[in-house]
Structure formats: structure tokens, C-alpha cells
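Below is one structure, written out as C-alpha cells; comments come after it.
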Amino acid sequence: MTSYAFSFDEPPYLAGLNEAQRAAVVSLDGAVLLLAGAGTGKTRALTTRLAHLLWSERARPQEILAVTFTNKAAREMKERVAALLKLPSVEGWWLGTFHSLAARILRQEAEAVGLKSNFTILDSDDQLRLLKQVMAAENIDEKAWPAKVLRAVIEQWKNKGYTPDLVPASEVGDFARGRSLHLYSAYQERLLTLNACDFGDLLLHNLTLFRMRPEVAQRWQQRFRYLLVDEYQDTNVAQYLWLRLLAMPQNNICCVGDDDQSIYGWRGAEVENILRFEKDFPDAKVIRLERNYRSTAAILGAASGLIARNEGRLGKTLWTEGDPGEPVRIQGLWDGEAEARFVGEEIEGLQREGHSLGEIAILVRTGAQTREFEERFVTIGLPYRVIGGPRFYERQEVRDGLAYLRLLQSPDDDLAFERICNKPRRGLGEAALRALHATARSGGLSLFAAARQLVGTDELRAQTRRPLKAFLDSVDRWRDALAATSHPELAEIVLEESGYLEMWRSDRSIEAPGRLENLKALIEALAEFDTLAGFLEHVALVMDNLEEVGGEQVTLMTLHGAKGLEYDTVFLPGWEEGLFPNQRALDEQGIRGLEEERRLAYVGLTRARKRAIISFAANRRLYGSWGASLPSRFLDEIPEEHKRMDSDQGLYGAAYQAWGGSSFGSFDAWGETRRSPGMERARARRSGGSAGSPPVIEGEARIIESVPRENPRYRVGTRVFHQKFGYGSVSRVEGERLTIAFDQTGEKKVVASFVKPAAEAG
DNA sequence: CCGGGGTCCATTTTT
DNA sequence: TGGACCCCGG
């Protein structure tokens, strides 16, 4: 402790930090790379560092730029900094995601890149629609060259910091016979005309701005005296360039990251950014946080042994003084269904021992894997939630609602106009839209302006003109009301008077009630902002999914989604060659892909505090057809002393031996011999049979026998509603276990607590 | 304007 | 296997 600046009069907030963490907090000058392994108190070090900058009076809040990747991370950092500093909030500080910070800068400098300060931020859906228009204008067959592919191409370019004039010839593929670059230019022009940006542009325009206008760059460089960057291993080239430009010339930049947790290479992240740090910043100080406060020694040992197989790491050795813990369990099963059953039973066992379901997570490689677990959990009545799926603002109804609001804010927002001019149906079909486009193009007008012009002529037939006029009048009326009405109130009026809410109210589909809920949430969210413009910015950049009501539920999600989270118990199913490591990653990226998969495995394991249970299935149905699968090579790479293997019998017969079990040496002995006493007990409990017998296909019959045959609430024929499956009627009752014929999805077994009588569903 | 039926496809995801 | 998407018929 004597080696640091505060040895004599140490600020109280350094108490409780270990030596490396202190170094991370107090090394303020120049570039610092903080290599923070999983669970090493990274966030604490980071937030304390930020506080230290202020308390030591090295910087004022407005002089610090703190960057994260996700809104969630930004929110968490804001909360922790505020708590540490005992401030009610840190609103207005330069603490946010790359995109929100870049947008904030861009709003102030918009003119320099040909935008107006109130530019619209398009999401990927708008982007796609715009690209389709651009392609149509260039007569490119969307069948042969899907707009989505072009979107991906452009996104990659933007990730690398290429404006159209900077794309190297070598990077132009054969999309649309080499016309992709031209399309990119045309798209960018179109965006400027619309006064709009896509996500990539936020960074890209910043780069252009700083390159073309050194004096502007200098102003921002002087402003931000200290930079803090989280998850540095995830930065792409554009983000890297942006940071470097802003950090110059003092390079007071602290980047926090973990090369072993770089799992987003496929989306443009460059691990090289972190590997190269010391070359980029020659005087950089590298600090390693290696003491882990999260996991047991066994879990750390397993994860460390695994990740040690990767080449080209900066290298860290995680250690803990905590509990040695139990070895990581590895369970082999017959097929995916058996695996889901196994996990379900293990969870029920944990539950009986008093563990909270909120402390259990199942982390899968691909989203599709959740399905088997969901079906099983629905059957046994285990509460669960799936993290993932479309974000709040990506939902159709939310985007429609937003389009109405955008149209009020900026009448010339053609994408918004197009989206909702016929939603609900007003008789403004394709033909009407085509006429509008023609007029708009010839007159250089927005669609809204073109529409206004057209309703004054007899070019459109009355049948079209009438509803169009009514629509325009409504929009005008709402816009006039903007000044006098609070915006949440106005939003409600708009959605009501437009008939949009009614459209969903009269929709009988399963999703309709949820959509109305989302619209309600949208309006509520609106109330939290002073202005409509402020709200629209928030939605485009910041709005997350509504968090499902937490509590007593098991969490199901992808390994990617789990980064940054931790649970007492983590299940890691599907560790099979082809699935994990994923075949496609291997095919497309070779060793690079394999290493990223391995890092993903590392991330998965290190999410666990107390226990990690890996499983694999010998048979798995993929795309409808059955296939035999082999245990993942990663299983073999976990050191012997940190794993304990168990397997249902007969998973691999002669075929497997013949294939050459030797390359997975440790699996030779799989089967009967490696079972621990604990596993025998677990097995006996599960199968209800003798320890040595093959697994019985579930004691379903037993369970059914043990419960009453009637249910006071449900009888055969009762109409019920289920959150996931919608409406259906009960076809069989066995106490709490109902068989229900769902209108949409057919018969399923469901526990009664998962449904309610249709009459109560509204 | 809807839905039925055929076709094609099939990691990972943020902003 | 199942979903997303498109086309066509009523």
C-alpha cells in the first residue's frame, strides 16, 4: 500500500479495494489498460476511479467522458457513480453508450456534416426500408440481392470507419455485381436528404467531423480531459478511432476489458484493439485485476484451464481465496429431451433445498435451444423467463406509435409517413402511395407535402382523395395541438383518433392484448420527458426491453446475453461438437472462430458463483432430422481435477469407440465407472428405480397417480388462456396437470397455475 | 384483405 | 422441425 499516492492520507473510498484495484483507481495520468478478469470487481474499480477523478479535483464532471457499450451498462454505471458520490443523479454527465455520446456531439455539430441538429435516428428496420427504395431506384433485383445483405455490408463498412469515399476497392464484394459501393453512396445521400442517421452514422459522422475540422476535434479533445472506456475488447475500428481522436493529445484514457471475454468478433469487434493497446499508447500502464470474488476455486480452475488453450492472449491468472467448491459437473444424456428433463429435475432438487429460482440460469449457445427447456418447464410448472427476443422499440406496435409521433415532430419524415399512412387501413393502398412518391420525386417534396399538393387536384380518385385529406387534416390538427397539450396526452389522442388503438382492440389474435400494453407503456414512458424530441432520441438510442417481472423464475438465455451477469447456479447445456463449438463459427472463421467459441465457454462458466453443470446429448434433432453428436472438445479441455463426469448408459456404443474415442481420451471410460455416490443418489431419485438401471423415461405416471383427478377450477371443456399459447380448451384434467387443446398450437400438457379461465383473461 | 400453401432457411446482437 | 416470407385465390 505504501507505493501509491495516498499512502499517508488515504481517501476512505480506497478502503476495501485490493492493491490492483487501488492502482486502477489512482493511476490517473496517461493511458491505462485495466485487464479485468471475470468477477474481479471491475465495475467497482471503474466507478471508484471516476469518483476519485472528482474528489481529487483532477477533473470536473463535464470533463470526463465515460463510455459503455449497452444502455444497461450505462445505466448501472450511472447508478453506482451516483450512489458513491451521494448524488441524486448524474444526469447531464458525459456517461453513456458510444452511440448516445456520439449522437450528443453530433447534435451540436450537425451542420458541419450536412445535417440539421434535429436529425432523426433510424433503426435497422427503417434502414432496410430505405435501402430497398434506393435499390429499387437503381433497378436492382431485390430477389437476387437482398437488401438485408446490403445492410450488413454497409454496417461492416461503417464499423470499420469507412465513408463511401474511403472504402478500399479490396473491400467491395460482388453484391449487385459490384454496385454495393454505389448503393452505399446513394443511401448516404438519401439519409442526408431525409435529415437522418442510422446507428453507424452516429460514430462515422463524428469521425468525418474530427478529420475534416481539426479545430472542432481540438475543442472536444480539450473538453474531455479524462476518458473511461468499459468492455474495450468489444470495440470496433470506428469506436477505436473515435476514442483515439478524442483522447489526443494527452491520452488520459483508461480502457477496461478482458480479452478472454471478447465474444463479438462477428459483429465487428476487434480483439486486436485490446491486444495492441501498449503499441497504440507507448507509455501505457497495464494493470491486471486477477483476484476473483465471484466463483469457487473449482469453477475458476475449470474456466482458466479451458481458456488457457487459446493463443494470443494477454494472459491473466484468476485466483480466489474463497471456497474451493465442488467440481464442475458434466452430465451426458441420451437426447435433448432427456437433457431438458435432467435440468428440470436438478432445478426442482435445488428448489427443494431452498435455493431461489432467481439464482439459477440456463445458458445456451443458440436461441433455438431454449424451446426444449420451455416445453419441459411448462409441463412441470417451473416458472421461467426467456431473456432475448425483440427489444421494446423494435416491436411493430411501438414503432407504429413512434411513427405517428415522429410525423408530428417532423412532417417530412417520409419513413414515418409511409409506415402509418395506411395503418389502420384508410384505403391508401399501394396505388395511392405510388402516386405520392411520383409527385414527391418530381417536385422534390416530402411525401407529406406531396400529399397536400395532390389532395388539391383531381389526380387521385375521390375514393382515395377523401381519406388522404382526412388523414392530412388529422395530422395538422394534432400538430397544432402540440403546443397546448402535454405530449403524453397528445400521444393518447393521436393513437385514439387515428383509430390505431381501436385496430388492436378489435384484433382477436393472441398478441393483441400485449401490444396494447406496450402502447400504454410507450405513452407512460413519454411522460418522463420534457419534450417530444427528447423522448424520440431516448427511444431511438436508449429504450430497453421492459424487464419481465423478476422474482422466483429461472432464467433462460444465450451465452452472449449472459455476459456481465452472475448466478449461484448455472446450467450449460448442449456442449456438443457442432453446436458448441458451433460448426458455422469453425467453418467460417477457423481457429479464430474456435477461440471465440472457447471464450464463450469461458464466459459461460465464469457466470457461476457456486455451481456449474454442463450437459450434452448423444442425439440431437437439428432442423427436423436426428443426428448423433459427440461431446464438445471443450469438455476435454477442462482440467480433470475440476470436473466430475457422469453419463447415462449406452450413450456411445461401438460406433463411438470405432470413431476413435481416443481424441477425447477422457470419454473412453464414460458410462458406469465414473459415477460418484452423489450422482448415484441423484439418479435413484430421478428414475425412481435401482441405481444401475438405465434411465426410465420419466416418472410421469407416478406423478399423475399421486394427484387428485379433479380440479375445482377447470373441467374438461373449460376455455382457458395461456400467456404463451393463447386460448384453448381443457381436454383432460389430472389435478393441477391439465391437457389443453390450444387453438393455435394444438395439445399441450400444462400446469394449472400457468393458465387462467378465458373469462378472466379479458 | 385474409389466409392457405409452397418454399427456403436455419449462430451469436447492440445501438 | 418450424418460422419467415411470398404468392395467389377467394
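Computation of the quantities below employed the complete heavy-atom set of this structure, encompassing side-chain atoms and omitting hydrogens, waters and symmetry-equivalent molecules. A, B, ... follow the sequence lines: proteins, then strands. Residue 1 opens every chain.
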A/Tyr240-A/Trp242 aromatic ring centre distance below 6.0 Å = no

By nearest-nucleotide position on DNA chain B, the 5'-leaning member of A/Leu541 and A/Gly427 is A/Gly427

Pairs under 3.5 Å (N/O, protein and nucleotides 10-12 of chain B):
residue, atom, partner, partner atom, Å
B/dT11, OP1, A/Tyr623, OH, 3.3
B/dT12, OP1, A/Gly367, N, 2.8
B/dT12, O4', A/Arg365, NH1, 3.1
B/dT12, O2, A/Trp266, NE1, 3.2
B/dT12, O2, A/Arg365, NH2, 3.2

Ranking B/dT13, B/dT15, B/dC2 by distance to the side chain of A/Glu394, first place goes to B/dT15

Across all chains, not counting sequence neighbours, the salt bridge (Lys or Arg N to Asp or Glu O under 4.0 Å) partners of A/Glu109 are A/Arg219

Candidate pair A/Asp335 and A/Arg621, rule salt bridge (Lys or Arg N to Asp or Glu O under 4.0 Å), full reasoning:
CA-CA 8 Å; A/Asp335 62 8; A/Arg621 202 160 50 176; over 6 Å; no

query = In this structure, are over 12 heavy atoms from other groups packed under 6.0 Å from A/Arg107 atom CZ?
reply = yes

note: A/Arg621, atom CZ; C/dT1, atom P; distance rounded to Å ~ 7 Å

Under 4.0 angstrom, heavy atoms only, what part of the nucleic acid is A/Asn71 near: base, sugar-phosphate, or nothing?
-> sugar-phosphate

Whole-Å distance, A/Lys72 NZ to B/dT15 P, equals 10 Å

Atom CG of A/Asp125 and atom C1' of B/dT14 are separated, to the nearest Å, by 16 Å

Practice task
Have a look at A/Glu231 and say if it touches a base, only the backbone sugar-phosphate, or nothing, with a 4.0 Å heavy-atom cut-off.
Solution key: nothing

Next on the checklist: Checking A/Phe377 against A/Ile362 for the side-chain contact (heavy atoms from CB on, under 4.5 Å) test, could you report, in this order, the C-alpha distance in whole Å, the side-chain angles of both residues, the deciding distance, and whether it holds?
Outcome noted: CA-CA 12 Å; A/Phe377 295 169; A/Ile362 300 155; 3.5 Å; yes

Syn within 90° of 0, anti beyond: B/dT11 is syn

Distance col, row A/Phe98:CZ vs A/Asp230:CG, nearest 0.5 angstrom, shows 9.5 Å

**Flag if over 12 foreign heavy atoms under 6.0 Å of CG, A/Leu166** = yes

Rounded to whole Å, CZ of A/Arg267 lies from P of B/dT15 at a distance of 8 Å

Rounded to whole Å, the CZ-P distance (A/Arg151 to B/dT14) equals 14 Å

Pairwise P distance for B/dT13 and C/dA4, with rounding to whole Å: 15 Å

To the nearest angstrom, the CG-P distance between A/Asp198 and B/dT14 comes to 17 Å

In terms of heavy-atom contacts, A/Met135 and A/Trp145 come closest through CE-O, 2.9 Å

For nucleotides 3-10 of chain C, 5' to 3', base contacts (B), sugar-phosphate-only contacts (S) and non-contacts (-) with protein non-hydrogen atoms under 4.0 Å give --S-S---

Taken to the nearest whole Å, CZ/A/Arg425 to C1'/B/dC2 is 9 Å

Between B/dT12 and C/dC5, how many Å separate the two P atoms, rounded to a whole number? 15 Å

To the nearest angstrom, the CG-C1' distance between A/Asp234 and B/dT13 comes to 11 Å

When rounded to the nearest 0.5 Å, the distance separating OH of A/Tyr162 from CD1 of A/Ile154 is 15.0 Å

Here the gap from A/Leu203 atom CG to A/Lys158 atom NZ, rounded to the nearest 0.5 Å, amounts to 11.0 Å

